[in-house]
Amino acid sequence: MGLIGGIARTAVVAGTATAVSNRVSRRQGNRWAEKDQQAQDAADADAYRQQQSDQQQGYPPQQGYPPQQGYPPPPQQAAAPSQDDMIAQLQKLGELKAAGVLTEEEFAAQKAKILGS
């Protein structure tokens with residue numbers, strides 16, 4: 001037998017081994033899938049029987065999750081300042097400007113802030 005014959009025989013053996021291996025793997029996978037399905041069916045049946053038993057005994061239905069926690073309430077917005085508060089703040093600003101503590105620009109910015117809110 002020559003070199004080509006040996007290579008051909010090796011290729012046939014390797015191909016056959018691969019086919020057999022794939023078939024064995026597929027059969028094992030199918031068996032495991034059947035066992036998993038049977039186990040899942042049994043678990044579902046047990047859960048159904050337990051639920052029916054609980055309902056007959058008057059128990060409330062059980063939830064499979066913890067109760068939801070609500071979000072905290074949104075922060076309350078500050079109430080709009082009353083007319084008296086605005087006047088008092090403007091008077092204080094005027095006094096600070098007259099005393100030279102605030103510049104004209106600072107006074108104007110604070111005044112706009114108070115009147116804008």
Side-chain angles (χ1 to χ4, degrees):
M1 179 179 328
L3 181 62
I4 294 182
I7 293 173
R9 184 172 46 161
T10 302
V12 169
V13 169
T16 303
T18 301
V20 170
S21 174
N22 288 342
R23 183 169 181 228
V24 168
S25 294
R26 206 171 24 253
R27 287 180 65 201
Q28 285 179 342
N30 289 340
R31 286 181 187 165
W32 291 340
E34 287 175 12
K35 285 184 181 180
D36 288 345
Q37 184 63 40
Q38 289 173 355
Q40 183 64 40
D41 290 345
D44 289 345
D46 288 344
Y48 179 76
R49 281 193 295 274
Q50 181 65 37
Q51 182 182 14
Q52 293 300 318
S53 172
D54 289 348
Q55 285 178 354
Q56 288 175 354
Q57 294 178 5
Y59 296 136
Q62 293 182 358
Q63 299 294 326
Y65 48 87
Q68 293 182 352
Q69 296 185 7
Y71 292 102
Q76 293 186 356
Q77 296 179 350
S82 69
Q83 196 73 5
D84 294 334
D85 290 340
M86 288 175 47
I87 293 172
Q89 288 177 347
L90 288 173
Q91 285 176 343
K92 287 180 186 177
L93 278 178
E95 291 170 4
L96 290 172
K97 180 184 171 209
V101 176
L102 292 176
T103 64
E104 185 65 37
E105 294 83 20
E106 292 172 333
F107 175 76
Q110 291 297 322
K111 179 179 169 184
K113 184 177 177 184
I114 291 171
L115 294 176
S117 59

Problem set entry | Glu34: partners by salt bridge (charged side-chain N to carboxylate O under 4.0 Å, His left out), with sequence neighbours left out | none
Exercise. Is there a chain of hydrophobic side chains (I, L, V, M, F, W, Y, each step under 4.5 Å between heavy atoms) that links Ile114 to Val101?
Worked result: yes
Exercise. When rounded to the nearest 0.5 angstrom, what is the spacing between CZ in Arg49 and CG in Asp44?
Worked result: 10.5 Å
Exercise. Which pairs count as side chain to side chain donor-acceptor pair (under 3.5 Å) when at least one residue sits in residues 14-33, sequence neighbours excluded?
Worked result: none
Seminar exercise, completed: Asp41 meets the side chain to side chain donor-acceptor pair (under 3.5 Å) criterion, sequence neighbours left out, with Gln37
Exercise. In Å and rounded to the nearest 0.5 Å, what is the NZ to CD distance from Lys97 to Gln110?
Worked result: 13.5 Å
Exercise. NZ of Lys111 to CG of Leu102: how many Å apart, nearest 0.5 Å?
Worked result: 13.0 Å
Exercise. Which hydrophobic side chains are connected to Val20, either touching it within the sub-4.5 Å cutoff or through other members that do?
Worked result: Val24
Problem set entry | Contacts of Gln38 that satisfy side chain to side chain donor-acceptor pair (under 3.5 Å) - sequence neighbours left out | none
Exercise. Who are the salt bridge (charged side-chain N to carboxylate O under 4.0 Å, His left out) partners of Asp36, not counting sequence neighbours?
Worked result: none
Problem set entry | Within one Ile-Leu-Val-Met-Phe-Trp-Tyr cluster: Met86 and Phe107, side-chain cutoff 4.5 Å | yes
Exercise. Are Ile7 and Val12 connected, step by step, through hydrophobic side chains (Ile, Leu, Val, Met, Phe, Trp, Tyr) whose heavy atoms are closer than 4.5 Å?
Worked result: no
